[in-house]
Each structure stands twice: as structure tokens, then as C-alpha cells.
Colleague: 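Sharing a structure here in C-alpha cells format.
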Amino acid sequence: MGSNVVAHEAPGEHVPTPGSTDRPPDRRIGLAVVGAGYWGPNLVRNAQQTAALHLHWLCDLDEQRSRKVLGEYSTVRATTSFEEVLADRRVQAVAIATPAAAHHRLARAALEAGKHVLVEKPITTTAEEAADLVALAEERGLVLMCDHTFCYTPVVRRIRELVHGGEIGDIQFFDSVRINLGLVQPDVDVLWDLAPHDLSILDFVLPPGVEPVGVSAQAADPIGAGRACVAYLTLRLSNGALAHCHVNWLSPTKVRTTLIGGSRRTLVWDDLNPQARLAVHDRGVDLTPPDELTDAIRHRALISYRVGDMVAPALVEQEALRNVMAEFAAAIGEGRAPLTDGRAGLRVLRLLHAASRSLELGGATVPVGDEPKDRQPFAEERATVR
């Protein structure tokens, strides 16, 4: 089925996506989860608690592991055959939680079978594969969604509202720290392990018209692990501002903070402080425009410092993955793009590729989208499902 809808490119922009909207309102969306490893059981649990979804299958090569996840009395069927899942006409959507190297193959097969697809991050391992899935989903009029889970937390949703609503003014800087002790991954470096969280958040909250245009990265492997364990990532934004991400597997203390500075207010997000995760500071630096200077104040400093109140907005605690599943179901039912659609996954992937390329070039700034083709940052694909 063709499509005349123009897909969006701007970070976080929300536009309709073609798709069937003739589903009766009382009919649940048939779902299959693929992968019963680390993340799959979380998808199963939240799918079963989402009223708009009806979970029919859990697919994994290890059928006993699937049965253990489902429990002895579950009506959800376990299988080792992905083809059996795709052949089931009751299944309208597939959620994929396998090793990243299998994402493209499985997601493409599902889209070709006419299924809507939710994919765990990263959407694929190469930008070319991600672009292929985006094009196929748009051609078939299907929802393709990337599971950027942090974007569905109440705090990040509130940050997006404040930024897009103009409450903080023009973006001046973005600074995030995501550090802890371990776990050193066997197949990817610290950038590909931790930075996708912060890059997906950055992509989600940036206002329309502002996007990363260049990436530079510095990294080190001080323990001889064979891959970067500490990294600093700097992104130049289209409005002249900078975004900075620090990721680290070697810190003895855990830190999860993000600062977003605006011309009017500054946001401070401390994810380890459940009592006040988000603080909005009415503090900043003001610059007197030259055309407003008078002889009486010309001798004074052009820069003044503004110190105002701090407000901690009340946030309702909700499980982010439950909101992911609800958004997936709503996007299918309403025939629209999800908040973190395939293009969002592609944008984050391009930033990661640019960061890897920058490391190869000794920290040089790499324009976004200039990554070499066929780059494969992950180890060889492990057995998942067939």
C-alpha cells in the first residue's frame, strides 16, 4: 500500500502516519514478543497489562526459557519459529527484543508480513539498515517504533513540554552524565552501550528546527578491556549551542544527571533523586542588546546575572515501558506516527556512527550523516530466533 504522507525529519516532530484505523474500538491488537532474554520478559509483562493489546506469542530459540517467562498457566503460546508467528493472522504487531544484529532481519520480515513493529534500541546496527526499515514501513503504511524507553518517563515527558512550550527559552546547552561501575559489555564499547539513552533523550526534547549537525568524541580504555570504557561526546547543534554527554563504566559511584540550559530557565534532572527528579531554575545570564544601551548605562557591564526561584514540578511515578506499550498501541489504532518512530531511531543511530567515526579520526568533528557505509559496531550475531 503506497503512501502520500511526508515523514518527518525534525527531532520529536509528531505527524500522522498512514495505516488502518478501521479496527473496532473494543478489539485488542494482537501482539507477539520476539526474544525471551533480558528485555523480552519486561515487554511480556507490560503487554499483558496494556488493555489495548492481546499477547498471543513469545518467540525464542530456547522454548523452555519462554515457558519459564510465561509461567505454567499462561494462555500465551511459546514457539521457536518466527515464521509460525508471522503466519498467525491474529498477530497484528510484533515487539522485537533480540540482540541488535538480528533487528533488521526480523523487523523486515515482520513488516513484509504486514505487521506493525516495535524494536528495542538500537533500531539496527547500521544507518543503511535503519533507513531500509523506515522506507519499508512507510511504503506499507505500518507503524515502526523504536523503544527509546527513557523518553516515556514522566520526567522526560515534562522536560519535552517545557522545552517545546518555550518555558526555558532558546536552548543554550545540554549536558548529561551517565556513569556507574560496570557492566563492561562483550560486544560494544561504552558509547554504544550507554550513550543511546542520552542521545534519544536529546533527540526527543529538542524543539523543532534544532538538531545536531556535527559530532566529536574522545574515549579511553584504561583497563585494557579491548574497547572504550570512558567516553566524552560533544554535539554541535544547528542553533550554535553545544550538547555534551559523558558515559563511563569505571566510576565507583552512580550518577544520572542532565542539565538543559535555556535563555530563560535551566532544567536540572537528577534521576537518582525520586523526591525531586526535576528542578526548574529561574537563573541565568542576561545580555543587554546593543540597541538598548543608553549613555547612562553604557559604562556598565553588558552581562548581568539573574537569580530567581527554583521550582520542583510534581511528577506522577509511572513505569516507562507501560507507556511505551500504550503509545505503540495508540499509534496503531490511530494510524499515526509514534513519538519515537523509526526515523527517531535512525537519527540516534547516525549520531552513534558519527561518534565512532570521530574516535577513528582522533576526535575530529564528523558531520552527522557522513558515516561510512556498512559500519558494524556490534559483534557477530548470536543465535536468537529463526
Colleague: Check whether His164 reaches the backbone of Leu206 with its side chain - one donor and one acceptor, N or O, closer than 3.5 Å.
Modeller: yes

Colleague: May I ask you to test the Pro313-Val280 pair for a side-chain heavy-atom distance under 4.5 Å?
Modeller: yes

Colleague: Please evaluate residues His246 and His244 with respect to the criterion ring-ring contact (aromatic ring centres under 6.0 Å, His included), reporting the C-alpha separation (whole Å), side-chain torsions for both, the decisive distance (0.1 Å), and the verdict.
Modeller: CA-CA 7 Å; His246 173 202; His244 187 263; 7.4 Å; no

Colleague: Minimum heavy-atom separation for Ser216 to Ser358, with atom names?
Modeller: CA-OG, 3.2 Å

Colleague: Decide whether Asp132 and His104 meet the rule of one side-chain donor and one side-chain acceptor closer than 3.5 Å.
Modeller: yes

Colleague: Would you indicate whether the side-chain heavy atoms of Leu321 and Asp147 approach each other to under 4.5 Å?
Modeller: yes

Colleague: With side-chain contact (heavy atoms from CB on, under 4.5 Å) as the criterion, how do Ile123 and Leu346 come out once you've worked through the C-alpha distance, each side chain's angles and the decisive distance to 0.1 Å?
Modeller: CA-CA 7 Å; Ile123 187 170; Leu346 174 58; 5.5 Å; no

Colleague: Can you see which heavy atom on Leu58 is nearest to which on Ala36, and at what distance?
Modeller: CD2-CB, 4.0 Å

Colleague: Would you say Leu250 ends up clustered with Val255 if hydrophobic residues are merged whenever their side chains have heavy atoms under 4.5 Å apart, either directly or through other cluster members?
Modeller: no

Colleague: Could you go step by step and tell me if Glu167 and Glu161 meet the side-chain contact (heavy atoms from CB on, under 4.5 Å) rule?
Modeller: CA-CA 8 Å; Glu167 294 294 321; Glu161 291 173 1; over 6 Å; no

Colleague: In terms of hydrophobic clusters joined by side-chain contacts under 4.5 Å, are Ile223 and Val190 together?
Modeller: yes

Colleague: Step by step, work out the salt bridge (charged side-chain N to carboxylate O under 4.0 Å, His left out) result for Glu84 and Arg77.
Modeller: CA-CA 11 Å; Glu84 185 177 16; Arg77 297 181 62 184; 3.7 Å; yes

Colleague: Is there a chain of hydrophobic side chains (I, L, V, M, F, W, Y, each step under 4.5 Å between heavy atoms) that links Leu242 to Val247?
Modeller: no

Colleague: Checking salt bridge (charged side-chain N to carboxylate O under 4.0 Å, His left out) for the pair Asp88/Arg90: CA distance, chi angles, key distance, verdict?
Modeller: CA-CA 5 Å; Asp88 189 343; Arg90 299 173 303 166; 2.7 Å; yes

Colleague: Could you grab the distance from atom CZ of Arg105 to atom CG of Leu133, nearest 0.5 Å is fine?
Modeller: 12.5 Å

Colleague: Kindly check if the number of other-residue, nucleotide or ligand heavy atoms within 6.0 Å of CZ (Arg236) is above 12?
Modeller: no

Colleague: Can you see which heavy atom on Gly37 is nearest to which on Pro41, and at what distance?
Modeller: O-CD, 2.7 Å

Colleague: Looking at CD1 of Ile332 and NE2 of His116, how far apart are the two atoms once the value is rounded to the nearest 0.5 Å?
Modeller: 5.0 Å

Colleague: Atom CZ of Arg45 and atom CE of Met325: how far apart are they, to the nearest 0.5 Å?
Modeller: 11.0 Å

Colleague: Taking Asp175 for its side chain and Leu259 for its backbone only, find out whether a donor-acceptor pair lies under 3.5 Å.
Modeller: no

Colleague: Please name the pair of heavy atoms, one in Ser356 and one in Trp192, separated by the smallest distance, quoted to 0.1 Å.
Modeller: OG-NE1, 2.8 Å

Colleague: To the closest 0.5 Å, what do you measure between CG (Asp282) and CE (Met310)?
Modeller: 12.0 Å

Colleague: Hey, does the side chain of Arg227 reach the backbone of Asp187 with a donor-acceptor pair shorter than 3.5 angstrom?
Modeller: no

Colleague: Quick one, Val324 with Met145, criterion side-chain contact (heavy atoms from CB on, under 4.5 Å). Give me CA distance, side-chain angles, the key distance, then yes/no.
Modeller: CA-CA 9 Å; Val324 170; Met145 178 174 174; 3.8 Å; yes

Colleague: Of all heavy-atom pairs between Phe328 and Leu118, which one has the smallest distance, and what is that distance?
Modeller: CZ-N, 3.6 Å

Colleague: For Leu181, does its backbone N or O pair with a side-chain atom of Ser251 as donor and acceptor, under 3.5 Å?
Modeller: no

Colleague: What are the two closest heavy atoms between Leu191 and Ala231, and how far apart are they?
Modeller: CG-CB, 3.7 Å

Colleague: Using a 3.5 Å distance criterion without hydrogens, assess whether the side chain of Thr50 forms a donor-acceptor pair with backbone atoms of Leu53.
Modeller: no

Colleague: Can you check side-chain contact (heavy atoms from CB on, under 4.5 Å) on Ile260 and Trp269, steps first, answer last?
Modeller: CA-CA 9 Å; Ile260 303 177; Trp269 169 26; over 6 Å; no

Colleague: If we ignore hydrogens and angles and just use 3.5 Å, is the side chain of Thr124 paired with the main-chain N or O of Thr126 as donor and acceptor?
Modeller: yes

Colleague: Are Ser263 and Gln172 close enough that some pair of their side-chain heavy atoms sits under 4.5 Å apart?
Modeller: yes

Colleague: Are any of the side-chain heavy atoms of Leu339 and His148 separated by less than 4.5 Å?
Modeller: no

Colleague: Partners of Ala110 by side-chain contact (heavy atoms from CB on, under 4.5 Å), sequence neighbours excluded?
Modeller: Phe82, Leu86, Val94, Lys115, Val117

Colleague: Checking Thr153 side chain against Thr149 main chain: does a donor-acceptor pair fall under 3.5 Å?
Modeller: no

Colleague: Can you tell me how far apart SG (Cys151) and CD1 (Ile201) are? Round to the nearest 0.5 Å.
Modeller: 6.0 Å

Colleague: Find out whether Thr340 and Ser200 are in side-chain contact, i.e. whether some heavy atom of one side chain is under 4.5 Å from a heavy atom of the other.
Modeller: no

Colleague: Using a 4.5 Å cut-off on heavy atoms from C-beta on, say whether the side chain of Leu162 contacts that of Leu278.
Modeller: yes

Colleague: Could you tell me if the side chain of Leu233 sits less than 4.5 Å from the side chain of Leu199, heavy atoms only?
Modeller: yes

Colleague: Please check if atom CG in Leu272 has more than 12 non-hydrogen atoms from other residues, nucleotides or ligands closer than 6.0 Å.
Modeller: yes

Colleague: Would you say Asp221's side chain and Gly224's backbone share a donor-acceptor pair under 3.5 angstrom?
Modeller: yes

Colleague: Distance from Arg89 atom CZ to His56 atom NE2, nearest 0.5 Å?
Modeller: 13.0 Å

Colleague: So, does His353 use its side chain to make a donor-acceptor pair with the main chain of Thr125 at under 3.5 Å?
Modeller: yes

Colleague: Is there a path from Val213 to Val205 through hydrophobic residues (I, L, V, M, F, W, Y) whose side chains come within less than 4.5 Å of each other?
Modeller: no

Colleague: Can you tell me if Asn239 uses its side chain to pair, donor with acceptor, with the backbone of Ile171 under 3.5 Å?
Modeller: yes

Colleague: Counting C-beta onward and ignoring hydrogens, is there a side-chain heavy-atom pair between Arg157 and Phe204 closer than 4.5 Å?
Modeller: yes

Colleague: Consider only side-chain heavy atoms of I, L, V, M, F, W and Y, link residues closer than 4.5 Å, and tell whether Val177 and Val268 are in one cluster.
Modeller: no

